[in-house]
Asks: 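Once you've had a glance at the structure underneath, I'll fire off some questions.
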Amino acid sequence: MLAWPIILSNITVPLLGLVDTAVVGHLPESRYLAGVTLGATLFSFLYWGFGFLRMGTTGLTSQAVGREDDGAIRNLLGQALIMATIIGILLILLSTPLITLGLWLLDGSEQATRLAREYAGIRILSAPAVLANYAILGWFLGQQNSRVTLLIMVVTNSVNIVLDLLFVVGLGMTSDGVAWATVIADYTALVLGLGLVVRQLRLLQGNFLRDRLVKLAAYGELIQVNAHLFVRTLGLLFAMAFFTSRGASQGDVILAANAVLLQFIMLTSYGLDGFAHAAEALIGRAFGRRAWNEFHDFVGAATRFSLLTAGGAMLAFALAGNLLIALLTDLEPVRETAAEYLPWMIAMPALAVWSYLLDGVFIGATATREMRNSIFVGLAVYLPLWWLTQHLGSGLGNHGLWLAFTGFTLVRSLTLGGYYLHYRRHYWHGAAPAARSQR
């Protein structure tokens with residue numbers, strides 16, 4: 001009951017990505033798709049790097065729900081929104097050097113980089129709204145209110161898709177139209193989210209406490225949890241950006257083909273994250289109450305549904321992968337190139353399912369240090385494996401890049417699995433003391 005609205009809301013995000021890719025992919029030249037790909041990857045760093053505002057808020061809020069602490073629930077929202085606003089304003093102020101550095105690191109072609117710079121200069125304007133929306137969604141999810149999450153995401157992404165079509169197809173804009181559509185949709189989401197927050201606050205006892213909002217010391221727990229999540233997310237996004245950059249170095253056709261295939265991964269990830277997000281809220285509540293039997297029941301339920309989802313994705317990609325590629329772009333060289341690497345997409349869900357699932361478990365338990373460590377271990381395999389595939393013999397080219405990325409995903413899953421088994425055996429059972437909360 002908690003997962004299905006999350007799954008539906010999550011699926012609207014890759015559907016938006018599919019529309020973005022399809023709209024730009026049907027423009028006359030592949031450079032537009034390459035430019036949007038570079039720009040969107042850059043914002044994976046600038047926005048998703050602060051995804052801790054969603055994850056940390058969910059974990060801590062769900063634990064406060066388990067303790068039946070309305071005051072903590074209320075003040076966690078205030079703290080998260082203040083952090084989001086400050087960070088968002090700083091991103092706008094620092095946008096020029098951040099965009100310049102980011103595009104230099106991504107190393108795209110001159111034409112694609114020029115279009116990406118224009119796209120990024122527009123997208124950065126939505127920074128405060130995006131980060132505040134992260135906090136709002138995390139807060140509602142932590143209270144097991146997934147239907148509000150569904151409402152916000154559906155309205156936001158529907159606005160974005162309609163404006164994509166209006167600006168690009170109707171008004172003849174290119175990558176700049178995609179960027180403006182996203183900015184307007186982000187602020188639409190913020191207005192809607194704040195309205196829903198006001199309504200929810202009426203159901204909670206107490207008031208906001210000034211000391212909890214203005215004194216830095218009061219942010220200690222939130223900062224401690226979020227610091228590990230921030231580093232973890234940056235590591236994950238570095239892995240994605242490195243992948244895009246090495247694809248871009250092989251030419252715009254490879255870059256565009258990889259962008260199409262990454263939509264397969266995004267589609268799968270948001271489906272799997274539906275159960276992971278449900279696990280965050282329910283496991284966090286059980287963790288707050290130290291109800292360990294309930295804790296592990298939720299882990300088992302999320303595992304069963306996640307495996308079914310991964311299996312369905314593999315079957316769908318095997319049977320209809322080429323059709324989906326054709327829907328995303330009518331550029332024949334891009335289609336042929338994407339089809340060559342499609343087998344990697346068929347295998348990916350079976351390897352990645354565990355990392356998505358266990359992320360949900362560890363967020364609910366606020367075991368964020370372990371999540372951070374899993375990324376470091378994965379990168380320690382990913383980068384050397386990529387180097388070996390490119391420099392041994394004749395080199396494996398883009399197949400080597402996909403092999404390295406797949407290895408990163410597998411190692412991350414195995415590392416999280418090892419941590420889970422260790423903590424279940426030693427700490428997450430019986431009357432475990434609060435000091436072992438792994439915060």
Side-chain angles (χ1 to χ4, degrees), residues 8-44 47 103 108-109 111-126 129-130 133 152-192 244 248 252-267 270 320-339:
L8 290 181
S9 65
N10 283 344
I11 287 175
T12 67
V13 178
L15 286 178
L16 171 62
L18 293 175
V19 172
D20 281 350
T21 302
V23 167
V24 184
H26 284 82
L27 291 174
E29 301 177 54
S30 63
R31 63 190 177 98
Y32 292 112
L33 179 55
V36 170
T37 299
L38 287 177
T41 301
L42 173 62
F43 279 91
S44 294
Y47 287 166
L103 293 178
S109 69
Q111 286 185 324
T113 299
R114 178 177 58 79
L115 291 170
R117 186 181 303 278
E118 178 185 20
Y119 174 93
I122 298 168
R123 278 287 305 274
I124 195 66
L125 298 176
S126 66
V130 170
N133 289 334
I152 293 174
M153 296 298 289
V154 168
V155 169
T156 304
N157 291 313
S158 297
V159 170
N160 204 333
I161 288 171
V162 170
L163 292 179
D164 265 349
L165 296 173
L166 173 63
F167 292 160
V168 178
V169 179
L171 300 180
M173 301 172 72
T174 57
S175 51
D176 58 334
V178 175
W180 278 117
T182 304
V183 170
I184 295 171
D186 288 335
Y187 279 100
T188 301
L190 179 59
V191 172
L192 174 61
T244 300
D252 283 353
V253 172
I254 289 288
L255 173 62
N258 284 349
V260 169
L261 293 176
L262 284 174
Q263 298 303 320
F264 287 62
I265 294 179
M266 295 300 289
L267 183 62
Y270 282 112
N322 287 314
L323 175 61
L324 183 55
I325 291 171
L327 290 174
L328 290 173
T329 179
D330 56 7
L331 299 170
E332 193 59 34
V334 177
R335 285 185 178 182
E336 293 176 356
T337 303

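In this chain, residues are counted from 1 in sequence order. Everything numeric here is computed off the predicted structure, so don't read it as measured data.
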Asks: For E118, give me all partners under side-chain contact (heavy atoms from CB on, under 4.5 Å), at least two apart in sequence or on another chain.
Replies: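 Partners of E118 under the side-chain contact (heavy atoms from CB on, under 4.5 Å) test: L115, S175, D176.
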Asks: Closest approach of F264 and G321, non-hydrogen atoms and distance?
Replies: CZ-O, 3.6 Å
Asks: Can any side-chain N or O of T329 pair as donor or acceptor with the backbone N or O of I325 at less than 3.5 Å?
Replies: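 Judged by distance alone, no pair lies under 3.5 Å.
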Asks: Taking T156 as the fixed residue, which of I152, V154, V159 is the one that meets the side-chain contact (heavy atoms from CB on, under 4.5 Å) rule?
Replies: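 When side-chain contact (heavy atoms from CB on, under 4.5 Å) is applied between T156 and each of I152, V154, V159, only I152 qualifies.
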Asks: Quick one: CG on L166 to CD1 on I184, what's the gap to the nearest 0.5 Å?
Replies: 9.0 Å
Asks: Under the side-chain contact (heavy atoms from CB on, under 4.5 Å) test, which residues partner A181, sequence neighbours left out?
Replies: N160, L163, D164, F167
Asks: Look up atom CG in N157 and atom OG1 in T182, then write down how far apart they are to the nearest 0.5 Å.
Replies: 9.0 Å
Asks: Less than 4.5 Å apart, any side-chain heavy atom of W180 and any of R123?
Replies: no
Asks: Partners of S126 by side-chain contact (heavy atoms from CB on, under 4.5 Å), sequence neighbours excluded?
Replies: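 In terms of side-chain contact (heavy atoms from CB on, under 4.5 Å), with neighbours along the sequence ignored, S126 is linked to Y47, V130, V183, D186, Y187.
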Asks: Where is the tightest heavy-atom contact between A189 and N133, given as atom of each residue plus distance?
Replies: CB-ND2, 3.5 Å
Asks: How many angstroms lie between CD1 in I254 and OG1 in T244, if you round to the nearest 0.5 Å?
Replies: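 Rounded to the nearest 0.5 Å, the CD1-OG1 separation comes to 12.5 Å.
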Asks: How far does CD1 of I161 sit from CG of L165, to the nearest 0.5 angstrom?
Replies: 7.5 Å
Asks: Compare every heavy atom of P333 with every heavy atom of V253, then report the nearest pair and how far apart it is.
Replies: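 Heavy atoms only, the tightest pair is CG1-O, 3.8 Å.
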Asks: Begin with the C-alpha distance, continue with both residues' side-chain angles, and end with the deciding distance and a verdict on side chain to side chain contact (heavy atoms under 4.5 Å, CB included) for R335 and N322.
Replies: CA-CA 8 Å; R335 285 185 178 182; N322 287 314; over 6 Å; no
Asks: For A257 and A338, which heavy atoms make the closest approach, and how far apart are they?
Replies: CB-N, 3.7 Å
Asks: If you round to the nearest 0.5 Å, how far is CG of L255 from CG of L262?
Replies: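 Here the rounded value is 9.5 Å.
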